[in-house]
Structure formats: C-alpha cells, structure tokens
Amino acid sequence: MKIYFITGNKHKFLEASKIMEKYGIELRMLEASKVEIQARSLREIVLYSLALLYPKINKPVVIEDAGLFIRALNWFPGPYSSYVYETIGCRGVLKLLENVKDRYAKFRSVVGFINFKHVKLFEGEVEGMIAYRELGNKGFGFDPIFIPKGSSTTFAQMDVEEKNKYSHRAKAFEKLAKWIVYEEME
Ligand code: ITT
C-alpha cells in the first residue's frame with residue numbers, strides 16, 4: 001500500500017517512513033505546504049488541510065500537524081509552533097523561560113489520513129522538559145531544546161531511530177499503521 005504524505009519537512013517524512021515501513025506501508029513524500037491556518041487546535045488544522053488537498057490529489061493522503069506545548073507559558077506555542085519557530089526560534093523560547101523553574105513541556109502530533117472511504121485522525125504525545133540551552137545538531141525545529149521523559153539527551157542529540165522510540169510523531173504514525181494493517185485492510 002502506498003500513501004502520500006503531504007509535507008514540506010523532510011525530517012518529518014523520514015521519521016514517519018521508518019515507522020510505516022515496519023508495517024510494510026510505503027510513504028511517498030508529496031512536497032507541498034499544508035495550509036498553516038491560525039487555528040486553535042492541531043486537529044482543526046489537519047482537518048482543514050485534508051478537506052482542501054484531497055480533492056486535488058485523489059489518492060490516499062496523510063497530513064500531520066505537530067506542536068510544542070510549554071506548561072509555564074500556558075501551553076504556548078501549541079498550534080502556533082511554526083510561526084514561533086520561524087520568528088523567535090529555540091533561542092527565543094529559552095529567553096522566555098529564563099529564570100523559570102517549571103520546564104515541563106510536551107510535543108503533540110495529530111496525523112490525518114483520508115482515502116475514498118475514510119477520514120481518520122490519530123494522536124501522539126511525548127512529555128519532557130525544556131533544556132537550559134540548545135544541545136545537539138540532529139533533527140529539526142525545537143529538537144535542540146527538548147529532552148523527552150526517560151532520556152538524558154535532547155531530541156537533537158538522537159538519531160532518527162532513537163527519537164522514534166519516544167516521539168509524538170512516532171506514536172501517532174504507529175497508530176495509523178496499526179489501524180491500516182489490522183482494521184482498514186480487513
Ligand atoms: P509541514 O510541511 O508538514 O506542515 P512543518 O515543519 O511546518 O511541516 P508542523 O507545522 O507540523 O511542521 O510543526 C510546527 C512546528 O513545530 C515546526 O516548525 C517545528 O518547529 C515544531 N515541531 C513539530 N514537531 C517537531 C519535532 O518532532 N521536533 C522539533 N520540533 C518540532
């Protein structure tokens with residue numbers, strides 16, 4: 001089975017492909033930008049994008065929206081993570097958390113799948129802490145400042161396989177893969 005992953009982010013594609021290939025599902029990257037509407041939830045963004053893009057493609061499609069939710073900032077940036085990354089970046093987030101002791105944060109991922117008979121959403125979450133400085137140069141986005149629970153290193157210090165043992169994205173794609181293999185195909 002072949003699914004088209006619409007994303008402009010090669011790192012996301014690689015992480016997701018490694019999960020899907022364990023289940024014998026091939027992901028193809030369709031390089032296009034998901035519409036970054038200013039919605040209040042990841043689910044809204046994913047559903048809106050699926051509705052807009054599926055009629056143009058007409059093949060099984062997957063889209064993902066993810067965000068970093070920081071407790072001390074009232075769960076900001078959440079669905080605004082792209083914008084915050086492009087404007088103030090990791091350095092700006094560290095600055096906002098200067099002298100803040102509560103470092104608790106989580107990444108959330110919402111994966112949306114659509115084909116001719118189903119529209120389904122799958123969610124994944126990883127808890128962790130915001131580091132005190134940027135560490136590592138792998139991955140993308142806020143990886144250098146996020147330490148998942150159970151690890152002593154940031155995502156940016158891990159290779160893809162290790163990040164996938166913890167990540168929000170890996171959990172959401174794992175749910176999609178299991179649903180395809182055990183339910184959708186029956
Ligand atoms: P799309 O083309 O798929 O939309 P994107 O890079 O814009 O790719 P998102 O909108 O899903 O991705 O993610 C919003 C931001 O959240 C993204 O720019 C990153 O800064 C951050 N982010 C999401 N997942 C991340 C991860 O696994 N590691 C680090 N940062 C992440």
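Numbers for residues simply follow the sequence, beginning at 1. Because the structure is a prediction, the values reported are computed rather than measured.
Between Glu174 and Lys22 a salt bridge is recorded (basic side-chain N to carboxylate O distance below 4.0 Å). A salt bridge links Arg169 with Glu64: the distance from a Lys NZ or Arg NE/NH1/NH2 to an Asp or Glu carboxylate oxygen falls below 4.0 Å. The pair Asp143-Lys163 meets the salt-bridge criterion, with a side-chain N (NZ, NE, NH1 or NH2) lying under 4.0 Å from an Asp/Glu carboxylate O. Ion pair Glu127/Lys149 flagged as a salt bridge, since at least one NZ, NE, NH1 or NH2 atom sits closer than 4.0 Å to an Asp/Glu carboxylate oxygen. Taking 4.0 Å as the cut-off between side-chain N and carboxylate O, Lys95 and Glu98 count as a salt-bridged pair. No salt bridge links Glu123 with Lys175; every basic N to acidic carboxylate O contact stays at or beyond 4.0 Å.
To the nearest 0.5 Å, atom CG of residue Leu14 and atom CG of residue Asp159 are 10.5 Å apart. The distance from the OG atom of Ser17 to the CD1 atom of Ile3 is 10.5 Å, given to the nearest 0.5 Å. Here the CG-CG distance, from Leu96 to Leu73, works out to 5.5 Å after rounding to the nearest 0.5 Å. Here the OH atom belonging to Tyr48 is positioned 13.5 Å from the CG atom belonging to Asp65, to the nearest 0.5 angstrom. Between the CD1 atom of Ile63 and the CD1 atom of Ile6 there is a distance of 4.5 Å, given to the nearest 0.5 Å. Glu31 contributes atom CD, which lies 9.5 Å from atom CG of Asn9 (distance to the nearest 0.5 angstrom).
Residues Ala66 and Ser81 approach most closely at O-CB, 4.4 Å, considering heavy atoms. The nearest pair of heavy atoms linking Leu68 to Ala105 is CD1-CB, 4.2 Å. Closest of all the heavy-atom pairs between His168 and Val126 is N-CG1, 3.6 Å. Scanning all heavy atoms of the two residues, the minimum distance from Ala131 to Leu94 falls at O-CD2, 3.2 Å. Between Pro55 and Ala51, the shortest heavy-atom distance links the atoms CD-O, 3.1 Å. Here the closest non-hydrogen pair linking Pro79 and Leu42 is CA-CD2, 3.9 Å.
Of the possible donor and acceptor atoms, none in the side chain of Ser109 sits under 3.5 Å from a partner among the backbone N and O of Ala172. Panel note: side chain Thr87, backbone Val84; a donor-acceptor pair is recorded below 3.5 Å. Within the 3.5 Å criterion, the main-chain N or O of Leu27 finds no donor-acceptor partner in the side chain of Lys2. Remark: side-chain polar atoms of Arg103 are paired, donor with acceptor, to backbone N or O of Ile130 under 3.5 angstrom. A side-chain donor-acceptor contact under 3.5 Å links Asn164 to the backbone of Glu15. The main-chain N or O of Phe116 is found under 3.5 Å from a side-chain atom of Tyr54 such that the two form a donor-acceptor pair.
Figure legend: Arg108 and Phe69 shown as a cation-pi pair, the cationic atom lying under 6.0 angstrom from the six-membered ring centre and within 45 degrees of its axis.
Residues Val93 and Phe140 fall into different hydrophobic clusters, defined by Ile, Leu, Val, Met, Phe, Trp and Tyr side chains chained together at heavy-atom separations under 4.5 Å. Side-chain heavy atoms closer than 4.5 Å link hydrophobic residues (I, L, V, M, F, W, Y) into clusters, and following such links, possibly through other members, connects Ile88 to Ile70. Note on Tyr4: it clusters hydrophobically with Leu121, by side-chain heavy-atom contacts below 4.5 Å among ILVMFWY residues. A continuous path of Ile, Leu, Val, Met, Phe, Trp and Tyr side chains, each step under 4.5 Å between heavy atoms, connects Met29 with Phe173, placing both in one hydrophobic cluster. A single hydrophobic cluster is seen to contain both Trp179 and Ile25, as judged by linkage of ILVMFWY side chains at heavy-atom distances under 4.5 Å, directly or through other members.
In this structure, Phe122 has its ring center no closer than 6.0 Å to that of Phe113.
For Tyr132, the OH atom counts as densely surrounded, since its 6.0 Å shell holds more than 12 non-hydrogen atoms of other residues, nucleotides or ligands. Crowding of Arg71 atom CZ: a count of heavy atoms from other residues, nucleotides or ligands under 6.0 Å exceeding 12.
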Result block: side-chain N/O donor-acceptor pairs under 3.5 angstrom for residues 150-158, not counting sequence neighbours:
unit_1 : atom_1 : unit_2 : atom_2 : d
Ser151 : OG     : Thr153 : N      : 2.9
Ser151 : OG     : Thr153 : O      : 3.1
Ser151 : OG     : Thr153 : OG1    : 3.3
Thr154 : OG1    : Leu135 : O      : 2.7
Thr154 : OG1    : Ala156 : N      : 3.3
Thr154 : OG1    : Gln157 : N      : 3.4
Thr154 : OG1    : Gln157 : OE1    : 3.4
Gln157 : OE1    : Thr154 : N      : 2.8

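Ring orientation note: the planes of Tyr85 and Phe142 are nearly perpendicular, at an angle over 60° on the 30°/60° scale.
The shortest side-chain heavy-atom distance between Trp75 and Lys106 falls under the 4.5 Å cut-off. A 4.5 Å side-chain heavy-atom check between Arg28 and Phe5 finds every atom pair outside the cut-off.
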Between Ile114 and Leu53, is a side chain to side chain contact (heavy atoms under 4.5 Å, CB included) present by the stated rule, with each step listed? CA-CA 10 Å; Ile114 188 166; Leu53 293 167; over 6 Å; no

Chi angles and distances behind the side chain to side chain contact (heavy atoms under 4.5 Å, CB included) call for Lys171, Glu125: CA-CA 7 Å; Lys171 288 175 186 152; Glu125 186 178 286; 5.9 Å; no

Worked verdict on Glu161 versus Lys18 for side chain to side chain contact (heavy atoms under 4.5 Å, CB included): CA-CA 8 Å; Glu161 285 76 9; Lys18 288 209 183 281; 3.2 Å; yes

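When the side-chain hydrogen bond (donor to acceptor under 3.5 Å, both in side chains) test is applied to Glu21, no partner is found at least two apart in sequence or on another chain.
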